[in-house]
Protein chains: 4
Amino acid sequence: MSKVQKNKKEKEDSLYTAAYDLFTTKGIHNTAISDIVKKAGVAKGTFYLYFKDKYDVLDKIILNKSTEILSIAIKKTNSEEFLNFEGKLLYFIDYIIEYLKENKLLLKLIYKDLSWGVIKKAYKDYKEINEIFGMFEEGFKDSNLDKEDIEKVLFMIIELTGSVCYNCIVLNEPADIDKMKPILFNTIKKII
Amino acid sequence: MSKVQKNKKEKEDSLYTAAYDLFTTKGIHNTAISDIVKKAGVAKGTFYLYFKDKYDVLDKIILNKSTEILSIAIKKTNSEEFLNFEGKLLYFIDYIIEYLKENKLLLKLIYKDLSWGVIKKAYKDYKEINEIFGMFEEGFKDSNLDKEDIEKVLFMIIELTGSVCYNCIVLNEPADIDKMKPILFNTIKKII
Amino acid sequence: MSKVQKNKKEKEDSLYTAAYDLFTTKGIHNTAISDIVKKAGVAKGTFYLYFKDKYDVLDKIILNKSTEILSIAIKKTNSEEFLNFEGKLLYFIDYIIEYLKENKLLLKLIYKDLSWGVIKKAYKDYKEINEIFGMFEEGFKDSNLDKEDIEKVLFMIIELTGSVCYNCIVLNEPADIDKMKPILFNTIKKII
Amino acid sequence: MSKVQKNKKEKEDSLYTAAYDLFTTKGIHNTAISDIVKKAGVAKGTFYLYFKDKYDVLDKIILNKSTEILSIAIKKTNSEEFLNFEGKLLYFIDYIIEYLKENKLLLKLIYKDLSWGVIKKAYKDYKEINEIFGMFEEGFKDSNLDKEDIEKVLFMIIELTGSVCYNCIVLNEPADIDKMKPILFNTIKKII
DNA sequence: GATGAATGAGCGTTCATTCAT
DNA sequence: AATGAATGAACGCTCATTCAT
């Protein structure tokens, strides 16, 4: 990588980092582009060399972070041995919950704008996300559900888990995440 | 009600209506207070006699509309006869889904800011919402779940239904709501 | 006029005056709205209560000033006695030339954006401008030209006079206005 | 011409062409230097190797194009035979009008900034433009006008023609150019 | 209670210009 | 000679909020 290329990468990265820090601490609404560039230590115009507007950075951050989490979780899950699919899935979900428990601000940021569409996009572009679908299909191979229905069940489990995480971790409603987990896991067991 | 009081009520109502119309059609972000007062046909200063700011109206609208929907649904459900609790619950949920299907813009508006906290608040203040909890507790009376756990299950069913409605009706992801319904109902059956 | 109305008029007038002064001295391109409001002694937002943007004030200034000049000139001309139409027309034109000679900056400002369309607009709205057309038609009543052709001749005389004024007074090209006048007048005599 | 010099010429030409295209289609105000270089396919810095700023290219374009038109018109006129000076002059003017009728965008671009000064400059530098003055002086040799007055008459005819072209072709005011032509030609006949 | 003119901080965005490569 | 990433002053414009009437 040339010196110029390296410098560009550094600027872009510092903008990402600054935006992420401000979005999570001050909120998206309260973060101005001038705040981001000030924190990143670059000129205002530089921002527009890399991003269209505030929501452009946000979208890219959400996609990156979401993919990162799922990627780590699936990698970790695949490195372990399980008796059955149920155990594997619950381990995977538990890993994500524990991760988000430690990254409350990240959870707050990504949940509101994380949609099934984003996940589907990541699924196409990233090998690791693809593996989640693979794991899920494998787990359901003995059932009489077709591929589309399996996807719908996965969608519901993800949405349910996401909702529970957001409400319990961020809002502490209706209960603490640790108190909620057994019920959630029980529910997921019933679903699959 | 005196003439003055009636006039006040009219102004407040016109502000509510104008705000609701603009929020649903133009979006919250793109609606300014000046837009609301122009549409409502009142002076700018008048807005501040009734509301703190834009988000104050929004919160009140969400609370009102949410309560209204749930209230209608529970009233309708109570006017019918059912063989068992499962049938009753699914009828109740189906009614809400069908309602939101017809009111896509409303769904879009309330979902993003509808939290368990709002529902809990409505539950304390409105008789009809209270009945939903009553119906649910009644349905679980034979199980060995305590009151808190029952509430958690209800919470999950509501969150799951809300997520499915938002994704399928507003975003059409991962499938049309009518294609998703059987899976959702099946899942709810498994949960209870 | 109420106090509020008077105050509004004052603000608008001060914006007009400030804009005119800056446009003529610094040029349109080099005048920012912040300059105008600073000079006018009002807040930035106040500008937008009265005008759409910089070019909105400009258009209105051009229309006002143009109408004003023509209005004064026709009034003055009508107060004098003439042997024939030719004398009357040349007096009218001479009056305008002398006026613009004393108001070089105004000439510079209005010429570039003064079009026949603006004059036609003023002709419909202002009684005095209308009289110019009347005077012209009266002068041509013995010719065999129809109304439309008379208008075309008037148009050419105005354009020619305007061009000569701008070039000779503002740019001093190809000669001083006083040296050019005889040729211009001679030409106009030939035209009518 | 060396390869390097050829390359330089190519770059400069592509900048001219790009600027001309953008000025005529998007307008001068709405064309940024970044637009020009993008269209020309050169780097931003390269622009400054050839031009001072946006108005530098503009001035050069106006001078080039104006000279080009006049040059073609005089060449064409000189290749024809005429009974008298009047016929020759009107042919010359008509040629220019027809040319501008087909090049509305060019007319729009050059008119606003085309001054007698530009023509005088071209007259000194370009042989063909010089011939126009020659033709004119030749045509007036029997009158008792001195050289300076002849120039003034020429100036007025050019300004009048220019005004009529701009208003009738670009703005369609006060009439279509073809409807205006007879009156214009008649007027010019009267002037000379 | 109701008004709406006035405010001005603050926003996103542009773009001519520079200069190390 | 050519590049194009970086700059940052400057801009137009918005809009929540105030307050004299």
Side-chain angles (χ1 to χ4, degrees), chain A residues 2-12 29-38 41-56, chain B residues 3-5 7-8 11-12 30-38 41-56, chain C residues 2-12 15 29-38 41-56, chain D residues 3-5 7-8 10-12 30-38 41-56:
Chain A
S2 76
K3 197 177 170 184
V4 172
Q5 292 292 328
K6 214 174 129 188
N7 211 300
K8 276 181 68 176
K9 188 83 180 62
E10 263 171 26
K11 298 258 179 221
E12 197 182 348
H29 189 74
N30 294 316
T31 300
I33 286 167
S34 62
D35 296 329
I36 299 172
V37 294
K38 206 180 289 165
V42 301
K44 223 171 185 178
T46 307
F47 179 90
Y48 293 93
L49 293 176
Y50 296 98
F51 307 103
K52 217 182 111 280
D53 55 31
K54 194 164 76 174
Y55 300 99
D56 189 23
Chain B
K3 201 177 168 183
V4 172
Q5 276 180 314
N7 206 306
K8 276 181 65 179
K11 292 232 187 288
E12 198 182 344
N30 293 317
T31 300
I33 288 171
S34 63
D35 295 328
I36 299 172
V37 295
K38 204 182 289 164
V42 300
K44 227 171 188 175
T46 309
F47 181 90
Y48 292 92
L49 296 174
Y50 296 98
F51 307 103
K52 212 181 118 279
D53 56 30
K54 192 163 78 174
Y55 300 99
D56 188 21
Chain C
S2 76
K3 198 175 168 186
V4 172
Q5 292 291 326
K6 215 173 126 188
N7 210 300
K8 275 180 70 175
K9 188 85 181 61
E10 263 172 25
K11 299 258 179 219
E12 196 183 348
L15 281 168
H29 189 74
N30 294 316
T31 300
I33 286 168
S34 63
D35 295 331
I36 299 173
V37 295
K38 206 181 288 166
V42 300
K44 220 171 189 178
T46 308
F47 180 91
Y48 293 94
L49 292 176
Y50 296 99
F51 307 103
K52 217 182 111 281
D53 54 30
K54 194 164 75 173
Y55 300 99
D56 189 24
Chain D
K3 201 177 168 184
V4 173
Q5 276 179 315
N7 207 307
K8 273 182 68 178
E10 263 171 25
K11 291 233 188 286
E12 198 181 347
N30 293 317
T31 300
I33 288 172
S34 63
D35 295 328
I36 299 172
V37 295
K38 204 183 289 166
V42 301
K44 229 169 184 175
T46 308
F47 181 91
Y48 293 92
L49 295 175
Y50 296 98
F51 307 102
K52 212 182 117 279
D53 55 31
K54 191 164 79 174
Y55 300 99
D56 188 20

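Chain letters run A, B, ... following the sequence lines, proteins first, then strands; residues in each count from 1.
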Next item on the list: Identify which nucleotide among E:dG4, E:dT13, F:dT21 has an atom closest to any side-chain atom of A:Tyr48, counting heavy atoms from C-beta outward.
Entry: E:dT13

Next item on the list: Return the value, rounded to whole Å, for the distance between atom CD of A:Gln5 and atom P of E:dT21.
Entry: 14 Å

Next item on the list: State the pairing partner of F:dT7; accept Watson-Crick or G-U wobble contacts with both distances under 3.5 Å, and report none otherwise.
Entry: E:dA16

Check: Which sits closer to the 5' end of DNA chain F, B:Lys54 or C:Asp53, going by the nucleotide each is nearest to?
Finding: C:Asp53

Next item on the list: Considering just the side-chain nitrogens and oxygens of A:Thr46, establish if one lies under 4.0 Å of OP1 or OP2 belonging to F:dT7.
Entry: yes

Next item on the list: Classify the nucleic acid contact of C:Phe47 as base, sugar-phosphate or nothing, counting any heavy atom under 4.0 Å across all strands shown.
Entry: nothing

Next item on the list: Please give the nucleotide sitting opposite E:dT21 as a Watson-Crick or G-U wobble pair, both distances under 3.5 Å, or none.
Entry: F:dA2

Notebook entry, point to check: Any side-chain heavy-atom pair from A:Lys3 and A:Asn7 closer than 4.5 angstrom?
Noted result: no

Check: Among the nucleotides F:dT21, F:dT3, E:dC11, which one has an atom lying closest to any side-chain atom of D:Ala43?
Finding: F:dT3

Next item on the list: Find the distance C:Tyr55:OH to F:dC11:C1' and express it as a whole number of Å.
Entry: 12 Å

Next item on the list: Would you mind classifying the nucleic acid contact of B:Val37 as base, sugar-phosphate or nothing, using non-hydrogen atoms under 4.0 angstrom?
Entry: nothing

Check: Relative to the 5' end of DNA chain F, which residue comes earlier, C:Asp35 or D:Lys8, by the nucleotide with the nearest heavy atom?
Finding: D:Lys8

Checklist line | NE2 on C:His29 to OG1 on C:Thr31, rounded to 0.5 Å | finding: 10.0 Å

Check: Looking for any heavy atom pair under 4.0 Å, which part of the strands does C:Leu49 touch: base, sugar-phosphate only, or nothing?
Finding: base

Margin query: In whole Å, I'd like the distance from the OH atom of C:Tyr50 to the P atom of F:dG12.
Written below: 20 Å

Check: Start at the 5' end of DNA chain E and walk down; is the nucleotide closest to C:Gly45 or to A:Ala32 reached first?
Finding: C:Gly45

Check: Considering all heavy atoms of both residues, which atom of C:Thr46 and which atom of C:Lys11 are nearest to each other, and what is their separation?
Finding: CG2-CD, 4.3 Å

Next item on the list: Quickly work out the A:Lys9 NZ to F:dA5 C1' distance and round it to whole Å.
Entry: 16 Å

Notebook entry, point to check: Separation of D:Glu12 atom CD from F:dA2 atom P, in whole Å?
Noted result: 10 Å

Notebook entry, point to check: What's the NZ-P distance between C:Lys3 and E:dA6, to the nearest Å?
Noted result: 13 Å

Check: Counting distance only, does the side-chain N/O of C:Asp56 pair as donor-acceptor with the main-chain N or O of C:Asp53 below 3.5 Å?
Finding: no

Note to self: Using a 4.0 Å heavy-atom cut-off, does A:Lys44 contact any base of the nucleic acid, only the sugar-phosphate backbone, or nothing at all?
What the structure shows: base

Check: How many Å lie between CG on A:Asp56 and P on E:dG12, as a whole number?
Finding: 14 Å

Checklist line | Rounded distance in Å - CD (C:Glu10) to C1' (E:dA6) | finding: 14 Å

Notebook entry, point to check: How would you label the contact of B:Val4 with the nucleic acid (heavy atoms, under 4.0 Å): base, sugar-phosphate, or nothing?
Noted result: nothing

Note to self: Quick check on E:dG4: is either OP1 or OP2 less than 4.0 Å from any side-chain nitrogen or oxygen of B:Lys38?
What the structure shows: no

Margin query: Please determine whether a side-chain nitrogen or oxygen atom of B:Lys11 lies at a distance below 4.0 Å from atom OP1 or OP2 of E:dG1.
Written below: no

Item checked: Non-hydrogen side-chain atoms of C:Leu15 and C:Phe47 separated by less than 4.5 Å -> yes

Checklist line | Point-to-point distance, once rounded to the nearest 0.5 Å, from NZ of D:Lys54 to CD1 of D:Ile33 | finding: 7.5 Å

